[in-house]
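Presented below is the structure to which this report refers.
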2 protein chains.
Amino acid sequence: MARKPPQAASKQRGRKIEDKRSVILSAALGLFSRFGLHGTTVDQVAARAEVSKSNLLYHFANKEELYVSVLRELLQVWLEPLRGFAAEQDPRTAIAGYIRNKLALSRDRPDASRLFCLEMVQGAPLLRDALARELRDLVERKSEVIRAWVADGRLAPVEPHHLVFALWAVTQHYADFAVQVEALTGRTLADADFFEETVRNLQAIVLDGIARRPGGAA
Amino acid sequence: MARKPPQAASKQRGRKIEDKRSVILSAALGLFSRFGLHGTTVDQVAARAEVSKSNLLYHFANKEELYVSVLRELLQVWLEPLRGFAAEQDPRTAIAGYIRNKLALSRDRPDASRLFCLEMVQGAPLLRDALARELRDLVERKSEVIRAWVADGRLAPVEPHHLVFALWAVTQHYADFAVQVEALTGRTLADADFFEETVRNLQAIVLDGIARRPGGAA
DNA sequence: GTCTATAGGTGGATAGAC
DNA sequence: GTCTATCCACCTATAGAC
């Protein structure tokens, strides 16, 4: 699996091949994220990457290997923002920053978010192993950080997993359900005002909650 | 479009046909939600519904009509819980109840949530119109309710759209990303303890927020 | 209304020249 | 490494008997 074409002798040649592979990968991401694995044809990917179908199949043994290659890159992008959490930080700052970073990702790489979502909804047959290992380890380490914050009384008593899920869910929503967001608000994250409004609202909801007593602290 | 097979004269016969249609629809929902429109074959749906392929194609003119029929039913299920919101209610109770209802739906009808998600992620080519009409109207009406709560000082100043998105996102996450939730927690909403834990945590996060000052009110 | 058989089209993958 | 031509499996949809 994941066979690479035989490496050429010179570095320049290897470079060119990597360039072509990455052009194909990014064309594939765009299409897979919109139409899914089965809704996309190798022909379409080749056309978008401006290579012939048989040339594409020279660089990637078959369609599924191409798909898995795209997913592999994705997982890294996906995990990145969470790595930031550290117990020394002020939790309020850390979480506010996380929401902003993740929303920026939803704005700048919606394709990545959508493909990840598609794969997950369909049971992640090709990501199960990665989930069980890398993701699980990372989330466990960050859960410890959250538990420490709670123990210090700097955070309300919350199960770390549910907080992580909530943070993921509310931020990805703007990428994965962008069509719905736009249908209902008429705006997208590309609109700088809307982006800031979204950041503020999500930070306020998660950090301070929405319930108020009439006559209480506004 | 949406041609129904010629209605038979007797009521009993019409009843039988509706039964068969609904068996096919529910088989289709299960498969479409897992493998998508293009990842599912008519043969598979027919096998699961225990009818022959050509018989299925007697009741539904073609694969896409079947798919759209499934989606149409879905949208109603989807919209239901939101209808509950009314300005007379106590917002805290209304929102806590909404979270519980929506999570129960994620537990009991994960297929519906997943197919809706799949369709949305892929740009909802077949739901765009419905979104622009029904959903938009409903959300606008409920946004007014939320604005009234804010004006009364019973809710923190929040943009209604973002609150609605956040409520949707955090609750559906447990259906759409169930694989991930299970990989990370080892549990599912079918586990009654986990269900209650999830309800409590999400209600606490959204209603009261998670930020605390050390030494402040726990 | 339900079946069997099959037409007709699509798309993944390979062969083999250059 | 890249191309053209082609094979072959799969799948939707229809034809036509019962």
Side-chain angles (χ1 to χ4, degrees), chain A residues 1-25 27-28 30-32 34-71 125-126, chain B residues 1-25 27-28 30-32 34-71 125-126:
Chain A
M1 252 178 259
R3 158 192 83 88
K4 283 197 181 178
Q7 284 301 329
S10 88
K11 286 172 194 167
Q12 290 186 358
R13 206 165 185 88
R15 179 89 175 81
K16 265 191 184 171
I17 289 185
E18 282 312 305
D19 281 355
K20 177 166 275 191
R21 278 180 66 95
S22 80
V23 169
I24 293 172
L25 284 170
L31 289 164
F32 285 147
R34 234 172 283 278
F35 308 110
L37 170 60
H38 300 290
T40 303
T41 70
V42 174
D43 255 328
Q44 293 169 332
V45 177
R48 184 186 266 224
E50 297 185 298
V51 300
S52 71
K53 176 165 67 164
S54 49
N55 191 12
L56 188 158
L57 288 170
Y58 169 79
H59 290 285
F60 297 89
N62 53 49
K63 190 186 185 182
E64 188 169 303
E65 186 193 308
L66 172 61
Y67 186 73
V68 174
S69 301
V70 174
L71 283 184
L126 303 169
Chain B
M1 255 178 256
R3 158 193 83 87
K4 283 197 182 178
Q7 284 300 331
S10 88
K11 286 172 193 167
Q12 289 186 359
R13 206 165 185 89
R15 178 90 175 80
K16 266 193 183 169
I17 290 185
E18 283 312 304
D19 281 355
K20 176 166 276 189
R21 279 179 67 96
S22 78
V23 169
I24 293 171
L25 285 170
L31 289 163
F32 285 146
R34 234 172 283 277
F35 308 110
L37 171 60
H38 300 291
T40 303
T41 70
V42 175
D43 255 329
Q44 292 169 333
V45 178
R48 183 186 266 224
E50 296 184 298
V51 301
S52 72
K53 177 167 64 164
S54 49
N55 190 11
L56 189 157
L57 288 169
Y58 169 78
H59 291 284
F60 297 89
N62 54 48
K63 189 186 184 180
E64 189 169 301
E65 186 193 308
L66 172 60
Y67 186 74
V68 173
S69 300
V70 174
L71 283 183
L126 301 169

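Reminder, nothing fancy here: chain letters follow the sequence lines and each chain counts from 1.
The nearest whole Å value for the distance from the CD atom in A/Gln44 to the C1' atom in C/dG12 is 13 Å. Atom NZ in A/Lys63 sits roughly 14 Å away from atom C1' in D/dA9 (whole-Å rounding). In this structure, CG of A/Asp43 is placed 12 Å from C1' of C/dA13, rounded to the nearest angstrom. Atom NZ in A/Lys53 sits roughly 13 Å away from atom P in D/dA5 (whole-Å rounding). Atom CZ in B/Arg21 sits about 13 Å away from atom P in C/dT2, given to the nearest Å. Atom P of nucleotide C/dA15 and atom CG of A/Leu57 are separated by 13 Å, given to the nearest angstrom. Nucleotide C/dT14 holds its P atom 13 Å from the CG atom of A/Leu56, rounded to whole Å. The CZ atom of B/Phe35 sits 17 Å away from the C1' atom of D/dC11 (whole-angstrom rounding).
Across all their heavy atoms, B/Val23 and B/Ala49 have their closest contact at CG1-O, 3.7 Å.
Judged by distance alone with a 3.5 Å cut-off, a donor-acceptor contact links the side chain of A/Ser54 to the base of D/dT4.
Taking 4.0 angstrom as the limit, B/Lys20 places a side-chain polar atom (N or O) nearer than this to OP1 or OP2 of C/dT2. The side chain of B/His38 places no N or O atom within less than 4.0 Å of a non-bridging phosphate oxygen (OP1 or OP2) of D/dC11. Distances shown here put every side-chain N or O of A/Asn62 at or beyond 4.0 Å from the OP1 or OP2 atom of C/dG12. Between B/Ser52 and C/dT2 there is no side-chain polar atom (N or O) within less than 4.0 angstrom of OP1 or OP2.
Inter-residue side-chain proximity for B/Lys20 and B/Asn55 is flagged as met; some heavy-atom pair is nearer than 4.5 Å. Annotation: side chain of A/Phe32 is not in contact with side chain of A/Leu71 (no heavy-atom distance under 4.5 Å).
Side chain of A/Thr40 to backbone of A/Leu37: no donor-acceptor contact under 3.5 angstrom is found.
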